[in-house]
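Because only heavy atoms are used, hydrogens play no part in the values below, and waters and symmetry mates are left out as well, while side chains stay in. Read the numbers this way: they start at 1 and go in the same order the structure lists the ligands and their atoms.
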Amino acid sequence: MYCCNIFFFTYIVLFYLINAIGGVARNSMRNFAFNSFTKLVYSNKFLTNVVNRKLRKMANEEELALANAGKDENGDSIFGKIARKEMKVDLVYEDDKVMAFNDINPQAPVHILVIPKMRDGLTRLSKAENRHKEILGHLMWAVAEIVRQKDLGDFRLVVNNGPEACQSVYYLHLHILAKRQMKWPPAIYAICSYFN
Ligand code: AMP
């Protein structure tokens, strides 16, 4: 465990050192370092667990609480209240099956959430069954329609599934992120989306 802490610490130091160097050299060095680190860590189950545990510890308490609160997936959800119009949101799009609204904690200049009006067991994407095929297709179509209507150009579509993916609201939702340069791969040093 001690050795893993040193390993993690070395990575953080390297990260800041590389960040201190400017320009193209920095980007290629950073990509190389991240790619090598990712490959190394995720080729080994033990290291994967250690890094995942570390990242979870580093996540702020509110986020952890939210992730844990959603684990049973039995209760109502804040998006249920929004879908039933019991809670006000900044509505962007609505039809008979889905609605879309601005995220209260945007991670990009445009950050829209798209949800089905009925949760119908879809607390997360991995719960999808045969009967959900139509609504899942409709959600994807709605994303394209919103992007067209709002002339968003390029965008990223994100679905967080479960605590390890930092899902905090257990009601299926699609994140549309747009109007800023995204990075790929999503950095493994990121705590959820904050440093992405
Ligand atoms: P996830 O972490 O994928 O479950 O995403 C949940 C998202 O819902 C986060 O980006 C929150 O900022 C967002 N969110 C939570 N409550 C609200 C709300 N009342 N109105 C708009 N967005 C919300």
What atoms of ligand 1 come closer than 4.0 angstrom to any heavy atom of [X]?
| X | result |
| --- | --- |
| Met87 | 19 (N) |
| Asn105 | 12 (O) |
| His175 | 1 (P), 3 (O), 5 (O), 7 (C), 10 (O) |

- Is Ile82 in polar range of ligand 1, meaning some N or O pair under 3.5 Å apart? no
Do you know the tightest heavy-atom contact between [X] and [Y]?
| X | Y | answer |
| --- | --- | --- |
| Gly121 | Lys127 | O-CB, 3.5 Å |
| Asn105 | Gln107 | O-NE2, 3.1 Å |
| Asp76 | Arg119 | CA-NH2, 4.5 Å |
| Asn161 | Ser126 | OD1-N, 2.8 Å |

For atom 4 (O) of ligand 1, what's the nearest protein heavy-atom neighbour? Residue, atom name and distance, please.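 It is Ser168 N, 2.7 Å.
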re atom 11 (C) of ligand 1, the protein heavy-atom contact at minimum distance is Asp103 OD1, 3.4 Å
Original post:
Same cluster for Leu91 and Val169 if Ile/Leu/Val/Met/Phe/Trp/Tyr side chains link at under 4.5 Å?
Top reply: yes
(request) For the residue pair His173 and Phe79, categorise the inter-ring angle as parallel (less than 30°), tilted (30 to 60°) or perpendicular (more than 60°). (result)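 Ring orientation of His173 relative to Phe79: perpendicular.
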Measure the distances from the heavy atoms of Phe79 to every atom of ligand 1 and state whether one is below 4.0 angstrom.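 Distance cut 4.0 Å: Phe79 passes for ligand 1.
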If the test is side chain to side chain contact (heavy atoms under 4.5 Å, CB included), which one of Ile104, Ile112, Asn102, Asp103 qualifies with Asp90?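 Single side chain to side chain contact (heavy atoms under 4.5 Å, CB included) partner of Asp90 among Ile104, Ile112, Asn102, Asp103: Asn102.
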Quiz item: Does a salt bridge link Glu145 with Lys150, judged by any charged N lying under 4.0 Å from a carboxylate O?
Solution: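 Looking at Lys150 together with Glu145, the answer is no, because their closest N to O distance does not fall below 4.0 Å.
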Of Val158, Ile104, Asn160, the one whose closest heavy atom lies nearest atom 16 (N) of ligand 1 is Ile104
Looking only at heavy atoms, is any part of [X] under 4.0 Å from ligand 1, and if so is it the side chain, the backbone, or both, or is it neither?
| X | answer |
| --- | --- |
| Asn102 | backbone |
| His173 | side chain |
| Tyr171 | neither |

